[in-house]
Structures are given as structure tokens and as C-alpha cells.
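Here the structure is a predicted model, which means the values were calculated and not measured. Counting convention: from 1, in listed order, for ligands and their atoms alike. FYI, the numbering just counts along the sequence from 1. Quick note: numbers below take in every heavy atom, side chains included, and nothing from hydrogens, waters or symmetry partners.
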Amino acid sequence: MTGQVLVLGGTGEARRLATALVDRGVDVLSSLAGRVADPVLPVGEVRIGGFGGAGGLTAWLGEHCPRAVMDATHPFAAQITASAATAAAQHGTPLLRLQRPGWHPGPGDTWRHVDSLTVAAEAVAGYRSVFLTTGRQGISAFAALPGRVLVRSVDPPDEPLPAGATLLLDRGPFSVADELALMREHAVDVVVTKDSGGHLTEAKLTAARELGIPVVLVRRPPLPPGVQTVTTVEEALAWLLDLLRPPGAG
Ligand code: NAP
């Protein structure tokens, strides 16, 4: 055992977790997919790039023998989450999934949950001006939309965009005032998003409520069965510190 903890990152929670662990003297290796050109890096050691599927991650765990794997990837990062579950089970490596809660509608919200980007595209086909905030992956599901489409993503999508698309490259957090101004400027009449959860990108939901605009939310993929899951960085930290506590230390 090297005593190193592998944090599968790429989210704000993963960065906060890495900071909390480094602050407590834990040897942390954060892993990023390498999807975005200019990632916000966590503190501590970082590796970038895929492992090569579940088999690759299994081999990596066999070689590096981390003390634990903490999967703090995005709620929609289903492949790496599945790989982590398979690989950790192969080696008996303790695994924790840290996943923030999804969003819940409040009074005044008009939300429709759908199971996929494809169904989301069908749901908004009749609108004049769609605001797409589902990220650049899978954006081709919306390629046939007939109306105006405001597409916002961190990096440019490499899939085809709808004919009436306006691409806005930007990274949150966004304020409610900014979201209101943007939606008014583009006369947005429906918002499409993934149920990512969290505070950093929820301003668009508040703005949609204030403008009386409906929101279509894509449901999260299911988690692999049997994986222990927590929703906060604090719970994840407590789990790891408990795991690292020497036997008999109380
Ligand atoms: P994904 O579909 O689950 O991952 C695709 C592949 O990317 C994985 O099979 C894995 O490659 C590699 N990968 C993903 N996360 C990795 C990590 N932390 N370290 C090393 N390799 C990783 O996930 P994704 O949607 O591409 O997301 C990629 C990253 O972006 C994740 O870190 C995620 O937290 C972040 N992110 C995703 C979204 C989203 O909406 N999907 C939004 C914001 C941030 P191998 O199979 O080769 O190991």
C-alpha cells in the first residue's frame, strides 16, 4: 500500500476534496479526463488522461495500489464511474462515490424531466429560441432543431450544431442577473440542461423561473449498484479519515 488516495476529478467538489485532503496531510493524486483545454487544476499531484476503460483502470490500480478511490466526477460521467466500480471491486480497493444532489423544482418552476438528450431535442423542437446548456458532448442530438439555438459550453463542440445556432463559449459560475440579461437578449423561450445539481450553474434555473420560461432537464444516469455514495465533500472527507484511522485509534 502506498497510502496514496486516487481522486477521480473534474468537478468543483473534487477540487474541494483534494484541498481538504492535502490540508490533512493525505497523499492525493487527482485524475482528470483531459476533456477541457484549460482545466482548473486541483491542489496536489495531478494526472491527466483516460486509463483505457475498466480494464485499464483495473491494471492501474493493480500497479499503483492506492489506499482508496474517491470518485468525485460529474453526475453525467457514467463511463468513468462504471470503470471505477468494476476496477475497485476487482482489487477490493475501498471506493466512495461523491455526487452532489440533483436540482428540485420550487414554486413557479415549469420543469420537464426527460431520459436523454434525444428526447430533450424532441421536447423543444416547437420553440422559437432554445437555450442549450447541456455541454458540448452529445450536442448533435439537437442538430435538426429548426429555430434559434443559443449553445453555451466551456470549449467549442466538435459535433454539428443546429443551423440557427449561436455559440457562446463561457464557464460558470453565472449570476442570476447575467442569466436574465442573456436570456432576454436572445429572447429565449425554453432552457435545456442536464440535472447536474450544485450552486455554480443553477442561476439559469432561477432566471427561467423569473421569466416564466420552461426548463427541460435530462435525468442523471443511474449509479452502479452497491457503490457507497455521499453527497457532500464533508461526508467524503469523514469516510476517508475513518478509513485511514489506525486500528484501535478510536
Ligand atoms: P465519461 O463519459 O464517464 O468518461 C469518458 C472517458 O473519459 C472515461 O471512460 C475515461 O476514459 C475518461 N475519464 C473521465 N473522467 C476521467 C477522470 N477523472 N480521470 C481519468 N479519465 C477520465 O465522462 P465525461 O462526461 O467524458 O466527463 C469527463 C470529465 O469531465 C469528468 O472528469 C467529469 O467529471 C467532467 N465533467 C463532465 C461533465 C458532463 O456533463 N459529462 C460536466 C462537467 C465536467 P478511459 O475509459 O480511457 O479511462
Inset, instruction - Could you list which atoms of ligand 1 come closer than 4.0 Å to a heavy atom of Thr11? - result: 34 (O)
Inset, instruction - Would you check the N or O atoms of Thr73, main chain and side chain alike, for any that come under 3.5 Å of an N or O of ligand 1? - result: no
Inset, instruction - Number the atoms of ligand 1 from 1 as they appear, then name those within less than 4.0 Å of a heavy atom of Gly50, with their elements. - result: 11 (O), 21 (N), 45 (P), 47 (O), 48 (O)
Inset, instruction - Give a yes or no answer on whether the side chain of Arg209 reaches the backbone of Asp109 with a donor-acceptor pair at less than 3.5 Å. - result: no
Inset, instruction - Identify which one of Arg152, Lys194, Lys204, Glu179 satisfies the side chain to side chain donor-acceptor pair (under 3.5 Å) criterion when paired with Thr133. - result: Lys204
Legend entry - Heteroatom distance test (Gln79, ligand 1): nitrogen or oxygen, under 3.5 angstrom: yes
Legend entry - Heavy-atom nearest neighbour in the protein, as seen from atom 30 (O) of ligand 1, with distance rounded to 0.1 Å: Arg35 CG, 4.5 Å
Legend entry - Glu159 (side chain) donor-acceptor with Ile139 (main chain) under 3.5 angstrom: yes
Inset, instruction - Return the orientation label for the His64 and Trp60 ring planes: parallel under 30°, perpendicular over 60°, tilted otherwise. - result: parallel
Legend entry - Atoms of ligand 1, numbered as shown, that sit under 4.0 Å from any heavy atom of Ala78: 3 (O)
Inset, instruction - Identify, for atom 13 (N) of ligand 1, the protein heavy atom at the shortest distance, and state residue, atom and that distance. - result: Ala33 CB, 3.5 Å
Legend entry - Between Thr231 and Glu235: side-chain donor-acceptor atoms closer than 3.5 Å: yes
Legend entry - Gly52 N/O under 3.5 Å from ligand 1 N/O: yes
Legend entry - Ala82 near ligand 1 by a heavy-atom separation under 4.0 Å: no
Legend entry - Under-4.0 Å protein heavy-atom contact, atom 25 (O) of ligand 1: yes
Inset, instruction - Starting from atom 18 (N) of ligand 1, find the nearest protein heavy-atom neighbour and note its residue, name and distance. - result: Ser31 O, 2.9 Å
Inset, instruction - Note the single closest protein heavy atom to atom 37 (C) of ligand 1, along with its residue, its atom name and the distance in Å. - result: His74 CB, 3.4 Å
Legend entry - hydrophobic_cluster_shared for Ile48 and Val36, side chain cutoff 4.5 Å: no
Inset, instruction - Run the salt-bridge test on Arg219 and Asp115 with the 4.0 Å N-O cut-off and return the result as yes or no. - result: yes
Legend entry - atom 10 (C) of ligand 1 - nearest protein heavy atom and its distance: Ile80 CD1, 4.0 Å
Inset, instruction - Kindly determine whether Arg16 and Thr11 satisfy side chain to side chain donor-acceptor pair (under 3.5 Å), including the steps that lead there. - result: CA-CA 9 Å; Arg16 286 203 289 124; Thr11 58; over 6 Å; no
Inset, instruction - Around atom 32 (O) of ligand 1, find the nearest protein heavy atom and jot down its residue, atom name and distance. - result: Gly9 O, 2.6 Å
Legend entry - ligand 1 versus Leu32: contacting region, heavy-atom distance under 4.0 Å: backbone
Inset, instruction - May I ask whether Leu217 and Ile213 are part of the same hydrophobic cluster, defined by side-chain heavy atoms of I, L, V, M, F, W, Y residues being less than 4.5 angstrom apart, directly or through others? - result: yes
Inset, instruction - Around atom 40 (O) of ligand 1, find the nearest protein heavy atom and jot down its residue, atom name and distance. - result: Lys194 NZ, 3.0 Å
Legend entry - Gly53 neighbourhood, listing ligand 1 atoms whose heavy-atom distance to it stays under 4.0 Å: 45 (P), 46 (O), 47 (O), 48 (O)
Legend entry - Cluster check Val69, Val5: I/L/V/M/F/W/Y, side chain < 4.5 angstrom: no
Legend entry - Nearest protein heavy atom with distance in Å, relative to atom 44 (C) of ligand 1: Gly10 O, 3.6 Å
Inset, instruction - Begin with the C-alpha distance, continue with both residues' side-chain angles, and end with the deciding distance and a verdict on salt bridge (Lys or Arg N to Asp or Glu O under 4.0 Å) for Arg184 and Glu210. - result: CA-CA 11 Å; Arg184 286 193 175 112; Glu210 288 190 19; 5.8 Å; no
